[in-house]
Amino acid sequence: MVELIIIATLTALGYVFGRAAERKHFASILRREEQLKEILVFNERQLPPGDWQQGPLVNGNVVISLDYFKRLVSTLKSLVGGRLTAYESLLERARREALLRMKEQAQAQGAQMVINVRLETASISKGKGDQVGSVEVYAYGTALIS
Amino acid sequence: MLISNIELIPGRKILRHLGMVQGNTVRAKHVGRDILAGFKNIFGGELTAYTELLTEAREEAVERMVAQAEHLGANAVVNVRFSTSSVTAGAAELFAYGTAVVLEDG
């Protein structure tokens with residue numbers, strides 16, 4: 001009985017705080033993407049025409065975790081299969097955040113664009129029962145400064 | 001030491017290629033950080049301690065790669081790639097590799 005109450009409390013906490021955190025994060029992502037839209041990002045390796053003076057390596061990473069509620073829902077969902085929307089939004093947030101941090105670094109160095117961008121995903125910590133609870137996304141590329 | 005993840009350094013000419021250089025580091029998680037991360041696993045959100053841990057680890061892998069390149073007499077590393085793998089539970093390996101080159105003085 002006590003265990004059930006603990007699980008119910010954790011689920012409720014996860015639902016309330018997790019939702020608020022996700023909404024806040026998406027709002028911040030959209031705002032910063034708007035601010036940084038002048039910095040163009042390409043994943044091709046050719047240098048665009050122009051006289052480029054410097055090309056430092058820029059990078060950004062983020063480790064982000066699921067909340068308790070979403071993890072529970074995903075566990076149940078994986079019994080029947082299908083889309084795990086909780087993980088989809090987690091990875092989307094992580095990728096967009098990592099790219100934004102990379103672009104922020106590029107802007108701080110006065111770059112106009114970032115080319116040859118690579119994204120890498122790793123699961124670094126595992127939750128109970130060998131379940132992946134958090135992911136790391138790392139983005140890196142070459143910033144071009146004219 | 002200039003580093004880039006494309007085949008060249010913009011605005012500079014490559015004189016000689018000196019071969020591949022690499023650097024790696026294996027980092028384990030800190031117990032204190034693990035407990036904090038456990039709380040974050042309930043509420044969701046960014047695990048800042050892990051983000052910092054991995055940033056530091058990558059910097060160290062790059063430093064080791066750069067040290068190896070310096071040893072060969074290079075002044076730049078091009079075509080750098082990063083890779084992450086989890087060797088055992090609770091530890092991650094960060095690996096950086098690239099080609100050491102000598103640039104024309106600019």
Engineer: Heavy-atom distance under 4.5 Å to chain B: side chain of Gln53(A), backbone, both or neither?
Structural biologist: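 Only the backbone of Gln53(A) comes within 4.5 Å of chain B.
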Engineer: Does any heavy atom of chain A fall under 4.5 Å from the side chain of Arg81(B), the backbone, both, or neither of them?
Structural biologist: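 When you check distances to chain A, atoms from both the backbone and side chain of Arg81(B) fall under 4.5 Å.
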Engineer: Nearest 0.5 Å, what's the CD1-CD distance between Ile9(B) and Glu104(B)?
Structural biologist: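 If we round to the nearest 0.5 Å, Ile9(B):CD1 and Glu104(B):CD are 13.5 Å apart.
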Engineer: Can you tell which part of Leu47(A) gets under 4.5 Å to a heavy atom of chain B, answering side chain, backbone, both or neither?
Structural biologist: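 For Leu47(A), side-chain heavy atoms alone lie under 4.5 Å from chain B.
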Engineer: Name the option with the most non-hydrogen atom pairs under 4.5 Å to chain B; the candidates are Val62(A), Val58(A), Thr121(A).
Structural biologist: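 Ranked by contacts with chain B, first place is Val62(A).
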Engineer: Any side-chain donor paired with an acceptor under 3.5 Å for Tyr138(A) and Asn59(A)?
Structural biologist: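 Indeed, the side chains of Tyr138(A) and Asn59(A) share at least one donor-acceptor pair under 3.5 Å.
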Engineer: Heavy atoms only, distances under 4.5 angstrom: which of Gly11(B), Gly44(B), Ser85(B) has the most pairs with chain A? Name it, please.
Structural biologist: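 Top option by heavy-atom pairs under 4.5 Å: Gly44(B).
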Engineer: At a heavy-atom distance under 4.5 Å, which candidate from Gly45(B), Ser83(B), Ser4(B) has the highest pair count against chain A?
Structural biologist: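 With the most close heavy-atom pairs to chain A, the winner is Gly45(B).
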Engineer: Between Arg58(B), Glu7(B), Glu46(B), which shows the greatest number of heavy-atom pairs under 4.5 Å with chain A?
Structural biologist: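 Among the listed options, the one with the most contacts to chain A is Arg58(B).
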Engineer: What part of Leu2(B) gets within 4.5 angstrom of chain A, counting heavy atoms only: side chain, backbone, both, or neither?
Structural biologist: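 Neither part; nothing is under 4.5 Å.
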Engineer: Is a donor from one side chain sitting under 3.5 angstrom from an acceptor on the other, for Asn5(B) and Thr142(A)?
Structural biologist: yes
Engineer: Are a donor atom and an acceptor atom from the side chains of Arg45(A) and Asn79(B) found within less than 3.5 Å of each other?
Structural biologist: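 Short answer, yes.
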Engineer: Among Ser65(A), Gly18(A), Gly14(A), Gly55(A), which residue forms the greatest number of heavy-atom pairs with chain B at distances under 4.5 Å?
Structural biologist: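 Heavy-atom pair counts peak at Ser65(A).
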Engineer: Is there a path of hydrophobic side-chain contacts, each under 4.5 Å between heavy atoms, that joins Leu84(A) and Ile64(A)?
Structural biologist: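 The answer is yes; both residues are in one hydrophobic cluster.
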Engineer: With distance as the sole criterion, is a donor-acceptor pair present between the side chains of Glu136(A) and Thr84(B) under 3.5 Å?
Structural biologist: no
Engineer: What part of Ile115(A) gets closer than 4.5 Å to chain B, counting heavy atoms only: side chain, backbone, both or neither?
Structural biologist: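 When you check distances to chain B, atoms from both the backbone and side chain of Ile115(A) fall under 4.5 Å.
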Engineer: Answer with yes or no whether the side chains of Asn24(B) and Glu93(B) bring together a donor and an acceptor at under 3.5 Å.
Structural biologist: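 Side chains of Glu93(B) and Asn24(B): pair found under 3.5 Å.
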